[in-house]
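Everything below concerns the one structure shown next.
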2 protein chains.
Amino acid sequence: MQRPTIKTIARETGLSIATVSKALKHSPQVRPETRAIVLDAAERVGYELNLHGVQLRTGKTYQVAAIMTAPGPKENEWEGVEYAQLLSGISWALEESPYRVSLYAVRDFEESQETIRQIVSMKKADGIIISGTRADDPRIRLMQEAEFPFVTYGMSIHNAPHAYVDADNAQMIRLSMARLIERGHRRIALLNPKEQFTYGVVRLESYRKALEEAGLPYDPALVAHGRLTPAFGRENVVSMSALADPPTAYICANEATALGAFSGFHARGLVHGRDAVINATDDLNVSQYFAPPITSYYLPIGEPSALLGKFILRRMEGEPPAALQTLLMPDLIERSDDRLRPER
Amino acid sequence: MQRPTIKTIARETGLSIATVSKALKHSPQVRPETRAIVLDAAERVGYELNLHGVQLRTGKTYQVAAIMTAPGPKENEWEGVEYAQLLSGISWALEESPYRVSLYAVRDFEESQETIRQIVSMKKADGIIISGTRADDPRIRLMQEAEFPFVTYGMSIHNAPHAYVDADNAQMIRLSMARLIERGHRRIALLNPKEQFTYGVVRLESYRKALEEAGLPYDPALVAHGRLTPAFGRENVVSMSALADPPTAYICANEATALGAFSGFHARGLVHGRDAVINATDDLNVSQYFAPPITSYYLPIGEPSALLGKFILRRMEGEPPAALQTLLMPDLIERSDDRLRPER
DNA sequence: ATCACAGATAAAAACGTTTAACTTCATTGT
DNA sequence: ACAATGAAGTTAAACGTTTTTATCTGTGAT
């Protein structure tokens, strides 16, 4: 028993394969009654479209390439864990479509660029989703020049308009800072992603502006850029807390960094709420389990990932990118007062 | 400028496409000199195999389906985060091959079963990688009956032999228990995955055996089965620590559970090392950042994932499954003494 | 000189689909 | 009455491979 093809249906119905093909794709060239007959027969024989034929004929791949930048297999730091949920979110968004997510794991920016170049020129996918965007991102230019559909998780600054989904980092930092300053903090540390990343730039800018508006000085010693691992959080708490005038609040760019910051507190004998506090941005709903639970801006990763999936589908259908740009505002979840209580 | 095909090379060299095809696949039917000419021309025109043609002709897909069971997009619990690294590890292992990882995110066991059935019957991939295996796993039977190549992350118990990679859970629990008992613990809690999973069964069995050998009673109140989220860890610490005779040690099946356990300590005012201790199994190298750092069995997730990739390649080449079975023993990393110090 | 044979290459068919070009037939407008 | 139009189908080619079968060429044996 072979897998049924349109030929099977043609034989079954006495129509030509061309008509069957058209009927299945709802071409206006075929009469509704005929279509009904075809659909019925298709159902009966258990027909399912063979993508390989389509792919060869049309050049479509029905693949959405997700470029995942993760540190090499040898490096064992807790990094990029939110990718799992990001991928599954995208995958679910594509569920009703014939598209599948195919994964391209790369080690660094250069490799992602090379991979994208290949996907584009060899047409290995119909659409691409990337993250870790830069202020001026050559990968975006590459895809735009080739008119290749793509969506980014993260904005760019100097590139021509494109489809993206991102958290509203500027707003988030602005409000975070206002809140902490209102609660008496004057020395606020920013544990930020690498400066190459757009959101690193955006967050830093917003941070500086907030300081300025509050009439507080900007101290570069309170800002760190790096890979958002627990190690990063820990190291910076350890070193910054040793400053003559140490920070009383740490804003961590993700939950891994926040976990590491707690580890730094432990190492230096600091007590959360007495010596300093930690705030964070949280994708994974994990801040509530820290001891003590911390205040965070929470954006369930399912939201951006569902949007990424939706957007790439629409881009592949030719929708212009201008309509496919969303900044999501995370919810502030206050779990501690964050005023210092210098008891004891 | 069209993408070059074997036809391009045929024109270029004056040979037929058949010969070119054979030359490219190192068929013995073509003379070495001819092959050289072909390879040279291929290089010159920048030829790259078009998989769509191959796929249609041979039925091969060059896809490895990774079935990822993750909770629905609506549920926002920190679960399954290690999947990101697992996937990238597999993806790297396939890097030199023409195969790509294509992702199938499913919500639960039933859906994974249905998805696998489809992949197998519609031949949507050449190989499958699944995790979350059960003692008697119908998915494994399904793939075996269809003689479909697959590798599982996690053993099964009642199924016919198949390729798998797993951590040596029995040994891990045996040694963990021996170590804790040696340090004076008599009431040891086991925060375990759901009983359906093979490793849940294996761990429980090993736990009971360890108790028995030490002459300690088995108390079901100290064993919990559930989804390995922080919430699970927290809830069980909260409830178990309220027992008349509470546990003095908690063995957590992963780092998410351990994080939640710490949260439970905080909620109940327990101090790690004084009231009880936490041990864990760690894939993500994150136990070192807990406050305090805890003792764990650490298996960098890169190792099993690289093996999964290697194994599926070999299975797809027809290698029998018997040779493709590996139990990995995680390293014990002692970060605290774990004897209770009832100071204060 | 002819034959059989092997080695090397070529021709052709096939995989499942889409689509441009064509045919058929009924309907419409004059 | 008849050309023009349009709707609904059909034919056939094409996408890039692999593979079966056929063809050709030269060698060595008879």
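Below, chain A is the first sequence line, B the second, and so on; all start at residue 1.
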Quick one: [X] [atom1] to [N] [atom2], roughly how many Å, whole number?
X: A:E33; N: D:dA8; atom1: CD; atom2: P; answer: 8 Å
X: A:H26; N: D:dA8; atom1: NE2; atom2: C1'; answer: 17 Å
X: A:K22; N: D:dA12; atom1: NZ; atom2: C1'; answer: 12 Å
X: A:Q29; N: C:dT23; atom1: CD; atom2: P; answer: 16 Å

Notebook entry, point to check: Is any NZ, NE, NH1 or NH2 atom of the basic residue among A:R44 and A:E12 found under 4.0 Å from an Asp or Glu carboxylate oxygen of the other?
Noted result: yes
Would you please confirm or rule out a distance under 4.0 Å between OP1 or OP2 of [N] and any side-chain N or O of [X]?
X: B:T19; N: C:dA10; result: yes
X: A:T34; N: D:dG9; result: yes
X: B:R31; N: C:dG7; result: no

Donor-acceptor pair, side chain of [X] and main chain of [Y], under 3.5 angstrom:
X: A:D136; Y: A:H158; result: no
X: B:R31; Y: B:R35; result: no
X: A:S91; Y: A:L87; result: no

Whether over 12 other heavy atoms sit under 6.0 Å from [X] [atom1]:
X: A:K60; atom1: NZ; result: yes
X: B:E96; atom1: CD; result: no
X: A:K310; atom1: NZ; result: no

Notebook entry, point to check: Mind checking what makes ring-ring contact (aromatic ring centres under 6.0 Å, His included) contact with A:Y99, not counting sequence neighbours?
Noted result: A:Y62
Item checked: Residues in side-chain hydrogen bond (donor to acceptor under 3.5 Å, both in side chains) contact with B:R139, at least two apart in sequence or another chain -> B:S112, B:D137
Next item on the list: Would you please name every residue forming a side-chain hydrogen bond (donor to acceptor under 3.5 Å, both in side chains) with B:S27, sequence neighbours left out?
Entry: none
With the criterion being N/O to N/O and under 3.5 Å, what pairs connect the protein with nucleotides 14-16 of chain C, and how long is each?
from, atom 1, to, atom 2, distance (Å)
C:dA14, N3, B:R57, NH1, 3.3
C:dC15, O2, B:R57, N, 3.3
C:dG16, N2, A:G53, O, 3.1

Margin query: Under 4.0 Å, heavy atom to any atom of DNA chain C: which of residues 10-18 of chain A qualify?
Written below: A:I17, A:A18
Next item on the list: Specify the residue among B:V30 and A:L24 whose closest nucleotide of DNA chain C lies further upstream toward the 5′ end.
Entry: B:V30
Next item on the list: Please report how far the helix from C:dA1-D:dT30 to C:dT30-D:dA1 bends, comparing the axis fitted to its first five pairs with the axis fitted to its last five, to the nearest 10 degrees.
Entry: 60°
Notebook entry, point to check: CG/B:D283 to CD/B:E303 distance, rounded to the nearest 0.5 angstrom?
Noted result: 10.5 Å
